[in-house]
Amino acid sequence: MTTDFTFKINKKLGDETLARTGTIVTPHGKVQTPAFIVVGTQATVKAMTPEMVKAAHGQAVLANAYHLYLRPGHKLVEKAGGLGKFMHWDGPTFTDSGGFQVLSLGSGYKKVLPMQSGEVAPGETAAKPNERHAFVDDDGVTFKSHLDGSEHRFTPEHSMQVQHALGADIIFAFDELTSLMDSYEYQVESLERTHAWARRCLHEIEKLRKKDHARPYQALFGVIQGAQYEDLRRQAGQFMGALPFDGYGIGGAIEKDKLGEIVRWVNEELPQDKPKHLLGISEPDDIFAAIENGADTFDCVSPTRVARNGAFYTYEGRRNISTAAYREDFGPLLEGCECYACQNYTRAYIQHLYKAKELLSATLMSIHNEHFIIKLVDDIRASIEAGNFFELKETWLDRYYGSPKAPRSKKT
RNA sequence: GCAGGGUUACUCAAGCGGUCAACGAGGUCAGACUGUAAAUCUGAUGGCUUAGCCUUCGAAGGUUCGAAUCCUUCACCCUGCA
């Protein structure tokens with residue numbers, strides 16, 4: 001079995017930061033980092049074809065093991081020739097482990113993913129047992145399917161088997177994602193569990209790699225948890241850093257104000273020569289903060305979700321297309337933008353599509369938003385190469401968050 | 001001409017003596033969305049000097065402590081019978 005997965009650092013910004021550029025090589029192609037990885041949970045980037053994703057300069061796509069296990073089934077995807085072949089995406093692919101659903105269907109059920117600390121009694125979790133769809137124990141997680149209520153069990157071994165069948169180039173260890181609403185005591189307990197699971201994932205993937213040695217190598221990324229606590233994050237970085245993962249995910253409950261710090265804590269403990277993926281983040285200020293502190297890749301549902309719900313990115317902040325001001329605006333979503341939507345359609349037309357609930361508005365807005373965030377990360381990569389990262393950061397963020405009417409991202 | 005039914009806010013539509021500035025839906029306006037239970041959710045939607053006040057339920061008059069709700073007349077619409 002050959003390890004056709006490598007990561008090479010191309011350029012470090014300097015000694016004062018952890019920012020760097022690099023190249024991840026996978027069996028399905030390269031990813032130039034920093035890179036924004038487009039999310040396609042159910043083996044589709046919602047409202048977009050893979051060709052559109054490519055045209056928006058998407059380098060890789062991330063799908064979800066939990067969703068594909070439930071439907072259409074990981075075995076079916078395997079029969080189809082794997083995730084990429086199944087969805088007609090020939091570039092690099094990632095899969096998430098189902099760990100996020102431990103939170104979204106469990107502790108954080110109906111609470112989304114709060115980016116601020118809450119107050120919960122010691123030992124408590126955010127959601128009460130009777131209001132959740134996922135139940136964690138030391139061995140794994142029992143889910144009630146959001147599709148039909150049927151019961152399913154995910155263990156670290158099972159997540160590896162599912163992700164192995166899906167066949168993505170980069171897969172994630174099964175972790176427990178906690179909420180900032182959970183108590184410190186619970187975070188400690190959960191972290192121990194995630195670490196025990198990490199070892200089991202490594203063990204299982206080794207078995208699977210040996211069994212199917214002819215298959216392309218799947219890189220396994222361990223996930224760093226520890227919520228908003230420096231001691232836990234550093235401890236997690238040390239523990240996971242000592243294990244033979246191909247890269248690392250930085251996940252879980254991240255307090256927005258501390259995002260840069262948290263990424264730094266973790267990256268100061270982890271081996272420098274491994275790629276770091278920050279899970280589920282794409283707000284511009286967060287991206288700058290994360291890259292400055294050593295994150296190499298990101299993924300996030302936000303660009304497409306927000307697009308479907310009528311918001312689009314501009315250099316002056318995020319705007320809602322439905323607003324009356326755009327009714328007779330015959331300019332593009334963003335002046336000068338090179339995406340397909342901006343090259344061919346007007347705000348007035350897209351507003352009409354959105355208000356008429358026409359599917360095409362989701363497509364056009366998604367194309368624009370993905371293009372915008374991908375380009376932001378691409379521009380940041382170029383600025384690191386050129387040595388003007390901090391100039392870009394200052395002017396870009398000032399314009400985005402400082403412009404009138406721009407909705408400032410929540411600071412609480 | 002006779003008999004019956006109807007007219008409520010931008011639209012549709014509840015209400016049938018006080019708890020009604022008036023349910024609900026749509027529309028409109030604004031906002032949120034960070035490893036997707038999300039093409040979803042939240043708020044506002046008569047006016048104002050907004051913990052209160054003022055003006056509204058086809059029009060005018062009346063009954064009543066009190067009327068969108070009851071009575072009278074008028075206007076317009078619908079359905080039968082002539």
Side-chain angles (χ1 to χ4, degrees), chain A residues 36-48 61-68 70-71 94-106 108-116 132-134 143-149 159 170-177 180 221 223-225 248-256 259 277-287 289-290 295 297-311 318-327 351 353-366 369 373 405 407-410:
Chain A
F36 181 71
I37 312 304
V38 177
V39 175
T41 300
Q42 306 207 66
T44 171
V45 179
K46 291 189 194 297
M48 295 175 75
V61 166
L62 179 146
N64 184 296
Y66 168 79
H67 289 264
L68 295 176
L70 284 183
R71 184 169 58 191
F94 293 53
T95 48
D96 186 25
S97 64
F100 181 75
Q101 281 63 39
V102 179
L103 171 86
S104 66
L105 298 179
Y109 191 65
K110 284 194 172 163
K111 291 182 168 59
V112 199
L113 179 58
M115 306 269 303
Q116 50 187 289
R132 46 164 71 186
H133 274 45
F143 293 99
K144 254 191 285 181
S145 161
H146 68 278
L147 298 174
D148 61 6
S159 175
I170 294 173
I171 69 176
F172 286 94
F174 190 57
D175 61 331
E176 179 181 1
L177 176 50
L180 290 173
F221 281 27
V223 181
I224 311 300
Q225 292 290 343
Y248 293 92
I250 302 166
I254 290 182
E255 212 163 16
K256 188 172 174 74
L259 190 138
H277 180 90
L278 181 60
L279 287 148
I281 291 296
S282 75
E283 282 305 299
D285 54 345
D286 297 333
I287 285 176
T297 53
F298 309 85
D299 71 278
C300 196
V301 304
S302 193
T304 54
R305 176 185 288 169
V306 140
R308 266 174 279 123
N309 297 331
R318 205 167 73 193
R319 300 296 158 83
N320 289 328
I321 191 63
S322 63
T323 200
Y326 303 138
R327 185 176 158 72
Q351 179 187 88
L353 295 177
Y354 180 73
K355 289 192 170 185
K357 298 178 170 46
E358 284 291 343
L359 271 41
L360 187 56
S361 83
T363 296
L364 295 176
M365 299 271 284
S366 294
N369 285 354
I373 295 297
K405 281 163 107 186
R408 241 209 124 94
S409 51
K410 266 202 202 112

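Fair warning: this is a prediction, and the values are worked out from it, not measured in the lab. To find a chain, count down the sequence lines: A is the first, B the second, and so on, and within it residues start at 1.
Between the base of B:G35 and the side chain of A:Q225 there is a donor-acceptor pair shorter than 3.5 Å. A donor and an acceptor atom never sit less than 3.5 Å apart when one is taken from the side chain of A:K46 and the other from the base of B:U36. The base of B:U36 sits within donor-acceptor range of the side chain of A:T304, with an N or O pair under 3.5 Å. The base of B:G35 sits within donor-acceptor range of the side chain of A:D175, with an N or O pair under 3.5 Å.
Here the side chain of A:R305 is nearest to one of B:A38, B:U40, B:G35, namely B:A38. The A:L359 side chain lies nearest to B:A39 when the options are B:C29, B:C33, B:A39. The nucleotide whose nearest atom lies closest to any side-chain atom of A:V301 is, among B:U34, B:U40, B:A30, B:U34. Nearest to the side chain of A:K357, among B:G27, B:U36, B:C33, sits B:G27. For A:K355, whose side chain is taken as the heavy atoms from C-beta onward, the closest listed nucleotide among B:A30, B:U40, B:U28 is B:U28. In the set B:G31, B:G35, B:A38, the nucleotide with an atom closest to the side chain of A:H146 is B:A38. Which of B:U40, B:U34, B:A39 sits closest to the side chain of A:Y354 comes down to B:U40.
A:D299 comes within contact range of the sugar-phosphate backbone alone, with a heavy-atom separation under 4.0 Å but no base atom that close. Using a 4.0 Å heavy-atom distance criterion, A:A311 is classed as a base contact. Across all strands, A:Q42 comes closer than 4.0 Å to no nucleic acid atom at all (heavy-atom distances). Heavy atoms of A:A362 sit nowhere under 4.0 angstrom from any nucleic acid atom. Residue A:H67 is in sugar-phosphate contact alone, with no base atom involved, counting any heavy-atom pair closer than 4.0 Å across all strands shown.
With hydrogens and angles ignored, the 3.5 Å screen pairs a side-chain donor or acceptor of A:T363 with a backbone N or O of A:A47.
For the P atoms, the distance from B:U8 to B:A60 is 16 Å, rounded to whole Å. Going from the C1' atom of B:C57 to that of B:U7 covers 10 Å, rounded to whole Å. With C1' as the reference atom, B:G17 and B:U45 are 29 Å apart, rounded to whole Å. Taking atom P on both nucleotides, B:U34 is separated from B:G46 by 32 Å, rounded to a whole Å. Across B:A9 and B:G58, the matching P atoms stand 8 Å from one another, rounded to whole Å. For the C1' atoms, the distance from B:C74 to B:A21 is 28 Å, rounded to whole Å. Comparing the C1' positions of B:G27 and B:U73 gives an interatomic distance of 37 Å, to the nearest angstrom. Spacing between B:A39 and B:C20 at atom P, rounded to whole Å, works out to 37 Å.
With sequence neighbours excluded, no residue forms a ring pair (Phe, Tyr, Trp, His ring centres under 6.0 Å) with A:F36. In this view, A:R71 and A:Q42, A:L147 satisfy the side-chain contact (heavy atoms from CB on, under 4.5 Å) rule, not counting sequence neighbours.
Between A:F94 and A:H277, the ring planes lie tilted relative to each other; the angle falls in the 30° to 60° range.
When Watson-Crick and G-U wobble pairs are counted only if both distances are under 3.5 Å, B:G43 pairs with B:C29. Under the Watson-Crick or G-U wobble criterion, with both distances below 3.5 Å, B:C57 is left unpaired in every strand shown. Base pairing annotation: B:A75 forms a Watson-Crick or G-U wobble pair with B:U7, both donor-acceptor distances under 3.5 Å. Here B:C81 sits opposite B:G1 as a Watson-Crick or G-U wobble pair (both hydrogen-bonding atom distances under 3.5 Å). Figure legend. B:A68 is base-paired to no nucleotide; pairs are counted as Watson-Crick or G-U wobble with both atom distances under 3.5 Å.
OP1 or OP2 of B:A30 has at least one side-chain nitrogen or oxygen of A:T323 nearer than 4.0 Å. Side-chain N/O atoms of A:N309 include none lying less than 4.0 angstrom from OP1 or OP2 on B:U40. Between A:T41 and B:U36, a side-chain N or O to OP1/OP2 separation shorter than 4.0 Å is present. Taking only side-chain nitrogens and oxygens, A:R308 never comes nearer than 4.0 Å to OP1 or OP2 of B:C33. For A:N64 and B:U36, the shortest distance from a side-chain N or O to OP1 or OP2 is below 4.0 Å.
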Working for side chain to side chain contact (heavy atoms under 4.5 Å, CB included), residues A:D285 and A:K256:
CA-CA 10 Å; A:D285 54 345; A:K256 188 172 174 74; 3.2 Å; yes

Give the C-alpha distance, both sets of side-chain angles, the deciding distance and a yes or no for ring-ring contact (aromatic ring centres under 6.0 Å, His included) between A:H146 and A:Y66.
CA-CA 11 Å; A:H146 68 278; A:Y66 168 79; 5.7 Å; yes

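The distance between atom CG of A:N320 and atom P of B:A39, rounded to the nearest whole Å, is 16 Å. For the pair A:H133 NE2 and B:U36 P, the computed distance is 17 Å after rounding to whole Å. Look at OH on A:Y326: it is 17 Å from P on B:U28, rounded to the nearest Å. Rounded to whole Å, the distance from CZ on A:R318 to P on B:U34 is 9 Å. In this structure, A:L180 places its CG atom 13 Å from P of B:U34, rounding to the nearest Å. One atom, CZ of A:F172, and another, P of B:U36, lie 11 Å apart when rounded to the nearest Å. A:Q351 places its CD atom 7 Å from the P atom of B:C29, with the value rounded to the nearest Å. Following rounding to the nearest Å, A:N369 (CG) and B:A38 (P) show an atom-to-atom distance of 19 Å.
Checked by atom type, the side-chain pair A:S145/A:D148 shows a donor-acceptor distance below 3.5 Å.
Distance check, rounded to the nearest 0.5 Å: CD1 of A:I287 to SG of A:C300 gives 8.0 Å. To the nearest 0.5 Å, atom CG of residue A:N369 and atom CG of residue A:L364 are 11.0 Å apart.
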